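Just so it is clear, the model here is predicted, and its values are computed rather than measured.
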Amino acid sequence: MPADQLRRTRIQDLLQSTDLNREVLVKGWVRTRRGNKYVQFIALNDGSGLATLQVVADAEKFPEESLKEITTGACIAVRGQLVASQGKGQAVEVQATSIEVLGTSDPETYPIQRRGADQKGISLEALREIAHLRPRTNTFGAVLRIRHALAFAIHQYFNDHGFYYVHTPIITGSDAEGAGQMFRVTTLPPEHPPRTEDGSVDFSQDFFGKQTNLTVSGQLEGELAALALGSVYTFGPTFRAENSNTARHLAEFWMIEPEVAFNDLADNMDLAEDFLRSLVKYALEHCAADLQFLNDTYDKELLGRLKFVTDNAFQRLTYTEAVEILKSAKKKFEFPVDWGTDLQSEHERYLVEKHFRKPVILTNYPKEIKAFYMKLDDDGRTVRAMDVLFPGIGEIIGGSQREEDLAKLQARMAEMHVPEDELWWYLDTRRFGTAPHAGFGLGFERLVLFVTGMTNIRDVIPFPRFPKNAEF
RNA sequence: GCUUCCUUAGCUCAGCCGGUUAGAGCAUCUGACUGUUAAUCAGAGGGUCCCUGGUUCGAGCCCAGGAGGGAGCGCCA
């Protein structure tokens, strides 16, 4: 094949190739270059995997002066022979015949230099300041590949189980979804918005002719779709304008929300558990090298924890049973446990990490501490809610069987001061062919947190959005 | 939003009781070395000690205010 018709090969594919002594073309970013006046070695990475390809440049073809621009961070295209390696660190390498520098990288100012001996390298906090370059690191390459694999596995799971992917709106006309503070969407001039006669902002002149916000949940629209298509799910961005400063919250995050007609709470738990387990299993099977790297680098118990989730049933118990366990626990809690109040992080962590030592599904919470749309239990005190609690993460899933009875739903809305007129379309589902149904929300980044073993949610999304930060 | 800790070279960090010209490792640059792979060895350059004000003969260090960051909590996914 003529050289100029040669097509680029992904480095990951080359490293697994047994078809040696052929001409190849690779393109990627230089991790390191080292050597002497006779031979130079370039470690090249193209993002197709964690491992680098060793490119060998002999001095007879490449005098050292010609390699000046091949510095850490530079982008190069290499033609050469794929050969068995003479060195010990790799099975194959590329003996270069030509190297083209596609993009230089000033070594004095490129911030991601190779990590040296006896030092920790750039901290995750420092990398957050250079989020535009951090995908070049081993850690973020691994996290982003795993994030992709999990997203793919989610679609595959639902497709294989007869679910339809519905696209719920990102801009919503409702501000009564009950899931938190919303970001306003408007095209009105911020300095001098049009006013009505009573002095308030005249949103009838806004783009949509009314107040609009970014969605905090696709659930209500998901319920509409489930009551037509049977089994559906959403997977999209979600926005919360809460001033949350924690390692588990983002202002912009991705949420997966399955909703299934005719499912009750037990079906909902079965779905959540099987779903989570299959996603973890997918990652273990398809991201072995990246997970091994994260296990070795950050958390020696990561792989063990993931395998534990795939091999063991989650512990299911009611809120009432959990309160009894916590009350009889010897541990002194900062906040007292009492039936009717929501569990604190320390209580959830005790149940998951100390008492059961496995993922826990808590159900049947007091109605006062849960959303208006959850189905009332027969005792009139609790609702058919479920929270899935994971070690290190806390609440990874929140869901419920929904109240399908129109009168009971309206009564709950009145109790909780949810305006009926804004949700007339939602109530219509209970007027026309209502049906039992259930669903839940899974925070995608919390799933990625658990699977990667990262400890801050800002490190599992490419460009995190959180209070006081919308750079990049 | 609350509590608490932190901010010194590109990165990771020392810096004693407030006392001369600010320290290390790595990175970067220069040189040496015939296959390296956390390469090795020698040398060099590199500082708004987060900002503002104060105390003091003298502040990286003490005090006040501000900014930014981490951890924990609340809200939740």
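- A side-chain N or O of A:Q40 and one of A:R33 form a donor-acceptor pair less than 3.5 Å apart.
- Checking B:U28, B:C73, B:U12 against every side-chain atom of A:E108, the shortest atom distance belongs to B:U28.
- Within the 4.0 angstrom heavy-atom criterion, base atoms lie near A:S85.
- For A:R240 against B:A77, a side-chain-to-base donor-acceptor contact under 3.5 Å is present.
- Among the protein residues, A:G398 comes within range of the sugar-phosphate backbone only, with heavy atoms under 4.0 Å from sugar or phosphate atoms but none that close to a base.
- Nucleic acid contact class of A:E64 (heavy atoms, under 4.0 Å, all strands): none.
- B:C50 and B:C41 are spaced 38 Å apart, taking the C1' atom of each and rounding to whole Å.
- Neither OP1 nor OP2 of B:U37 sits under 4.0 Å from any side-chain N or O of A:R34.
- A:L447 comes within 4.0 angstrom of nothing in the nucleic acid, heavy atoms only.
- If you check distances only, the side chain of A:E129 never reaches the base of B:G68 with a donor-acceptor pair under 3.5 Å.
- At the heavy-atom level, A:T246 lies under 4.0 Å from base atoms of the strands shown.
- For the P atoms, the distance from B:C16 to B:C73 is 33 Å, rounded to whole Å.
- If you take atom P in B:U21 and the same atom in B:C49, they sit 15 Å apart, rounded to whole Å.
- Both tests pass for A:R458 against the ring of A:F466: distance under 6.0 Å to the centre and angle within 45° of the axis.
- OP1 or OP2 of B:C73 has not a single side-chain nitrogen or oxygen of A:Q344 nearer than 4.0 Å.
- When heavy atoms are screened at a 4.0 angstrom cut-off, A:Q219 is found touching no nucleic acid atom at all.
- Across all strands shown, A:N245 has heavy atoms under 4.0 Å from base atoms, whether or not it also approaches the sugar-phosphate.
- Counting heavy atoms of neighbouring residues, nucleotides and ligands inside a 6.0 Å radius, atom NZ of A:K354 does not exceed 12 of them.
- The number of heavy-atom neighbours closer than 6.0 Å to OH of A:Y298, taken from other residues, nucleotides and ligands shown, is above 12.
- Across all strands, A:E125 comes closer than 4.0 Å only to sugar-phosphate atoms, never to a base (heavy-atom distances).
- A:S244 contributes a side-chain N or O that forms a donor-acceptor pair with the base of B:C75 under 3.5 Å.
- Within the structure, a side-chain polar atom (N or O) of A:S345 is placed less than 4.0 Å from OP1 or OP2 of B:G74.
- You'll find the side chain of A:T215 stays beyond 4.5 Å of the side chain of A:P169, heavy atoms only.
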Inset, instruction - For A:K367 and A:D377, run salt bridge (Lys or Arg N to Asp or Glu O under 4.0 Å): C-alpha distance rounded to whole Å, both residues' side-chain angles, the deciding distance at 0.1 Å, then the answer. - result: CA-CA 9 Å; A:K367 66 177 180 180; A:D377 280 313; over 6 Å; no
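- When heavy atoms are screened at a 4.0 angstrom cut-off, A:R33 is found touching no nucleic acid atom at all.
- Using a 4.0 Å heavy-atom cutoff across all strands shown, A:Q40 reaches no nucleic acid atom at all.
- At the phosphate of B:U34, neither OP1 nor OP2 sits under 4.0 Å from any side-chain N or O atom of A:K37.
- Formation of a donor-acceptor pair under 3.5 Å by the A:E353 side chain with backbone atoms of A:G392 is found in this model.
- Between B:G35, B:U12, B:A71, one nucleotide has an atom nearer to the side chain of A:V56 than all others, and that is B:G35.
- Nucleotides B:G45 and B:G10, compared at atom C1', are 13 Å apart to the nearest Å.
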Inset, instruction - Can you run through RNA chain B from 5' to 3' and write each base as (, ), [, ], | or . depending on how it pairs? Watson-Crick or G-U wobble, both distances under 3.5 Å. - result: (((((((..((((.....[...)))).(((((.......))))).....(((((..]....))))))))))))....
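- Considering only side-chain N and O atoms, A:N36 lies under 4.0 angstrom from the phosphate OP1 or OP2 of B:G35.
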Legend entry - Worked verdict on A:T72 versus A:Y110 for side-chain contact (heavy atoms from CB on, under 4.5 Å): CA-CA 8 Å; A:T72 297; A:Y110 182 61; 4.0 Å; yes
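- Put simply, CD on A:Q113 is 15 Å from C1' on B:A9, counting in whole angstrom units.
- As a whole-Å value, the separation of A:I457 CD1 from B:G72 P is 13 Å.
- When each of B:A77, B:G70, B:C75 is scored by its nearest atom to the side-chain atoms of A:E242, the top-ranked nucleotide is B:C75.
- At the phosphate of B:U12, OP1 or OP2 sits under 4.0 Å from a side-chain N or O atom of A:S123.
- Residue-level contact check: A:R458 touches the backbone only, with heavy atoms under 4.0 Å from sugar-phosphate atoms and none from bases.
- Nearest to the side-chain atoms of A:P107 among the listed nucleotides B:G35, B:U28, B:C11 stands B:U28.
- OP1 and OP2 of B:G35 both lie 4.0 Å or more from every side-chain N or O belonging to A:Q86.
- With sequence neighbours left out, the side-chain hydrogen bond (donor to acceptor under 3.5 Å, both in side chains) criterion links A:R349 to no other residue.
- If you check every strand for non-hydrogen atoms under 4.0 Å, A:G87 touches a base.
- As judged by a 4.0 angstrom heavy-atom cut-off over every strand, A:L250 is placed among the base-contacting residues.
- Taking atom C1' in both B:G47 and B:A32, one finds a spacing of 30 Å when rounded to whole Å.
- A salt bridge is defined here as a Lys NZ or Arg NE, NH1 or NH2 lying under 4.0 Å from an Asp or Glu carboxylate O, and A:E368 with A:R381 fails to meet this definition.
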